[in-house]
Amino acid sequence: MAPVRTRIAPSPTGNPHVGTAYTALFNVAFARQQGGQFVLRIEDTDRTRYDPDSEGLIFDTLRWLKLDWDEGPDVGGPFGPYRQSERTEIYREVAEQLVQKGAAYRCWCTPQRLERIRQEAMARKEPFQYDQFCLGKTEAERRRLPDCADRPVVRLLMPDEGTTVFTDLIRGEISFENRLIDDQVLLKSDGFPTYHLAAPVDDHLMRISHIIRGEDWISSTPKHIVLYDALGWEFPKLAHMSLLRNVDKSRISKRKNPWANLRWFREQGYLPEALVNFLALMGFSMPDGREVFGIDDIIAVFSFDRLSVTGPGFDLTKLDWLNGHYIRSLSVDQVVDRARPYLIAAGITTTDDVYLRRVLALEQERIHKLAEAPELTRFFFEDVTPDPKLLVAKGLDAARTAELLRAASDAFGAAGENATASELEERFRALAEQQGVTTGQLFGAIRVAITGTTKAPPLFDTAVTLGLERVLRRIDRAIAALEALAPPAATGPAPSSPPPGRG
RNA sequence: GGCGCAUUCGUCUAGCGGCCUAGGACACCGCCCUCUCAAGGCGGAGACCACGGGUUCGAAUCCCGUAUGCGCUACCA
């Protein structure tokens, strides 16, 4: 049996689309499972939409996801070149062959004429199809007639009767009536092929055994089959994946949905393994029901009948959970490595790796996306100016809170530089009792004083990590803030007057 | 409009004629843990399997129709 070879064939027209990774994932999984090869081919035949930066972005993001290819433009391979713009000669030859065999014909109709007959068909409420005006005419004959372009296109001649049937590995049998299918342009007047020539030709020449692609190609499959038949080629096996949708089932658009761009996931701080896992969950399920798994697990059990046919809605909340799960499963050192670029980008540029490591150890289970790391950890690196209103615990006033903080400051001082978190906890529990306040009130005030927030890792672990110097300095600042607070002036709501003092 | 593909809890899904009074995960709610936030544990609510007809002793599972969504209908891919 011929070796299994799959491919992903993106167009370099901007930022890589999430659907590209989605489709690539299953192409890789199946090829690996079968001991075959996975090919990356760049479909750059549309010169008007070509973006020179796009190809590099495609390489980068697919590698980021560890969806590596065995053959491609940058790694070479025995069936290259792998950029369609470098293969135009091949397509022209095949087009010529098809014309010779009578399976295709040249068409000189101008875009204006095509547009006109399209409008006429619409006016008659009939489906538009090319009227085969040029079929059977020589160039000389055609030139005597109106609406004749300088350079012809080549159109595929579709049979006007019969049915084209094919078996989809995911959906079963699908059939189309040939007479309803238009004579597709294969070779454009600029000499470049359309998808409908280039992709089938390359799939054959590159020995692709299984075409796993998006369901948007189902409708054009009969054209490709007719083309293969005309050339006497054997058609690869087919599997059409459902297209990813938004939660409301609408189409994902790059304009409206940032997650259409693969790069967005990296910017947000999603781990590639989490994204791969999430994409796999969109339509694939493990036989044992596991939901957390990697590509190796997919490879172990992959089967086309485990792919669902429904277009899945893209719900980021599950991705967030998965991502948090993966972050928690990392070692602290890995978290440091992964979070560092996001911290640096946000202006947190510590060189104290020991400290950074301790900080991230505390925040690891609180990070859902790496891009959140700077906000979660900033108070470890920069002194805070706590909001006095947050400082004052329930049931206390500013003066009493300041008093508690003074006592806390003394207690930290007495505990010294080397106190452990549990030693501190014991000491401060005693302090709360002695002061006649709850631990919640005391700890809460200290927390806001030293972290600036009510949401932080356990207080004494945080204090130990911050170090005595920072803790004492911040408590002093908090006391000062409380003292600057005007005496409780009967709580005038006064929405137009912000808190006095420090802006 | 024509053609094609689809339709199970809010979301992702399990299910491939009897094991389904439909299972799991995320999200949600409650409780526990607890110095806050997380994380974790336990529990709960949530799907007349789009709707209507068949086939069958028996249907979420097979067939037909309707509705809805999505795709194609370009010298885009």
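In the text below, chain A, chain B and the rest are named by the order of the sequence lines, each starting its count at 1.
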What's the shortest heavy-atom distance between Lys249(A) and Gly311(A), and which atoms?
NZ-O, 2.9 Å
Per His196(A) side chain, nearest of listed nucleotides C3(B), A77(B), C35(B)
A77(B)
When the P atoms of C49(B) and U21(B) are compared, how many Å lie between them, rounded to an integer?
12 Å
Is the cationic atom of Arg155(A) (NZ for Lys, CZ for Arg) positioned less than 6.0 Å from the six-membered ring centroid of Tyr130(A) and within 45 degrees of its normal?
yes
Between Thr317(A) and U11(B), is there a side-chain N or O to OP1/OP2 distance below 4.0 Å?
no
Quick one: on RNA chain B, does Thr439(A) or Tyr22(A) contact a more 5' nucleotide (nearest heavy atom)?
Tyr22(A)
Can you check whether Arg251(A)'s main-chain N or O pairs, donor with acceptor, with Asn246(A)'s side chain at less than 3.5 Å?
yes
Within residues 152-162 of chain A, the residues having a heavy atom closer than 4.0 Å to RNA chain B are Val153(A), Arg155(A)
Short side-chain N/O contact from Ser285(A) to OP1 or OP2 of A14(B), under 4.0 Å
yes
To the nearest Å, give me how far apart CZ (Phe293(A)) and P (C12(B)) are.
15 Å
Would you indicate, yes or no, if G10(B) has its OP1 or OP2 atom less than 4.0 angstrom from a side-chain nitrogen or oxygen of Lys249(A)?
no
Distance check, C1' atoms only: A60(B) and C19(B), in whole angstrom units.
15 Å
Any donor and acceptor pair, going by atom type alone, linking the side chain of Gln129(A) with main-chain N or O of Arg179(A) inside 3.5 Å?
yes
Given C75(B), is OP1 or OP2 found less than 4.0 Å from the side-chain N or O atoms of Arg49(A)?
no
Under-3.5 Å donor-acceptor pair between Glu215(A) side chain and G4(B) base:
no
Is there a donor and acceptor pair, one atom on the side chain of Ser189(A) and one on the base of C75(B), closer than 3.5 Å?
yes
Considering only atom P, compute the distance from C32(B) to G71(B) and round it to an integer number of Å.
49 Å
Quick one: is A74(B) close enough that its OP1 or OP2 comes under 4.0 Å of any side-chain N or O from Arg118(A)?
yes
Side chain of Arg366(A), base of C37(B): donor and acceptor closer than 3.5 Å?
yes
Of the non-hydrogen atoms in His210(A) and Leu169(A), which two are nearest, and what is the gap between them?
ND1-CD2, 3.9 Å
Taking OP1 and OP2 of A77(B), is either one under 4.0 Å from a side-chain nitrogen or oxygen of Thr13(A)?
no
Ranking Cys107(A) and Arg328(A) by the position along RNA chain B of their nearest nucleotide, the one closer to 5' is Arg328(A)
Any side-chain N or O of Thr310(A) under 4.0 Å from OP1/OP2 of U7(B)?
yes
Can you tell me the base-pairing partner of A47(B)? Count Watson-Crick or G-U wobble geometry only, both distances below 3.5 Å, and say none if there is no partner.
none
Applying the Watson-Crick and G-U wobble criteria at under 3.5 Å, what pairs with C26(B)? Answer none if nothing qualifies.
G10(B)
Whole-angstrom distance between A14(B) and G23(B), as gauged at atom P
15 Å
Counting heavy atoms from C-beta on, name the nucleotide in G4(B), A25(B), A74(B) closest to the side chain of Phe128(A).
A74(B)
Are the side chains of Pro16(A) and Asn261(A) in touch, meaning some heavy atoms are under 4.5 Å apart?
no
Side-chain (Thr453(A)) to main-chain (Lys455(A)) donor-acceptor, under 3.5 angstrom
yes
Whom does G69(B) pair with, Watson-Crick or G-U wobble, provided both distances fall under 3.5 Å?
C5(B)
Given the rule in the side-chain contact (heavy atoms from CB on, under 4.5 Å) test, do Leu279(A) and Val18(A) qualify, once you have shown the distances and angles that lead to the verdict?
CA-CA 9 Å; Leu279(A) 289 176; Val18(A) 64; 4.0 Å; yes
Does atom CD of Glu126(A) have more than 12 heavy-atom neighbours, drawn from other residues, nucleotides or ligands, at distances under 6.0 Å?
yes
Given the P atoms of U61(B) and G54(B), what is the spacing between them in whole Å?
15 Å
Complementary nucleotide of U61(B), counting Watson-Crick and G-U pairs under 3.5 Å
none
Answer yes or no: does a side-chain N or O of His368(A) lie under 4.0 Å from OP1 or OP2 of A39(B)?
yes
C1' spacing across the pair C26(B) / C9(B), given as an integer number of angstrom
12 Å
Using Watson-Crick or G-U wobble geometry with both distances below 3.5 Å, tell me the partner of C20(B), or none.
none
With rounding to the closest Å, how many angstrom separate the C1' atoms on C48(B) and A22(B)?
12 Å
What nucleotide, of C5(B), C35(B), G71(B), holds the atom closest to the side chain of Arg447(A)?
C35(B)
Can you say whether a donor on the side chain of Lys318(A) sits under 3.5 Å from an acceptor on the base of A25(B), or the other way round?
yes
Please give the distance between the C1' atoms of A74(B) and G15(B) as a whole number of Å.
41 Å
Taking pairing as Watson-Crick or G-U wobble with both contacts under 3.5 Å, can you name the mate of U55(B), or confirm there isn't one?
none
Given side-chain hydrogen bond (donor to acceptor under 3.5 Å, both in side chains), test Arg92(A) with Gln97(A) step by step and report yes or no.
CA-CA 9 Å; Arg92(A) 265 170 241 168; Gln97(A) 242 180 288; over 6 Å; no
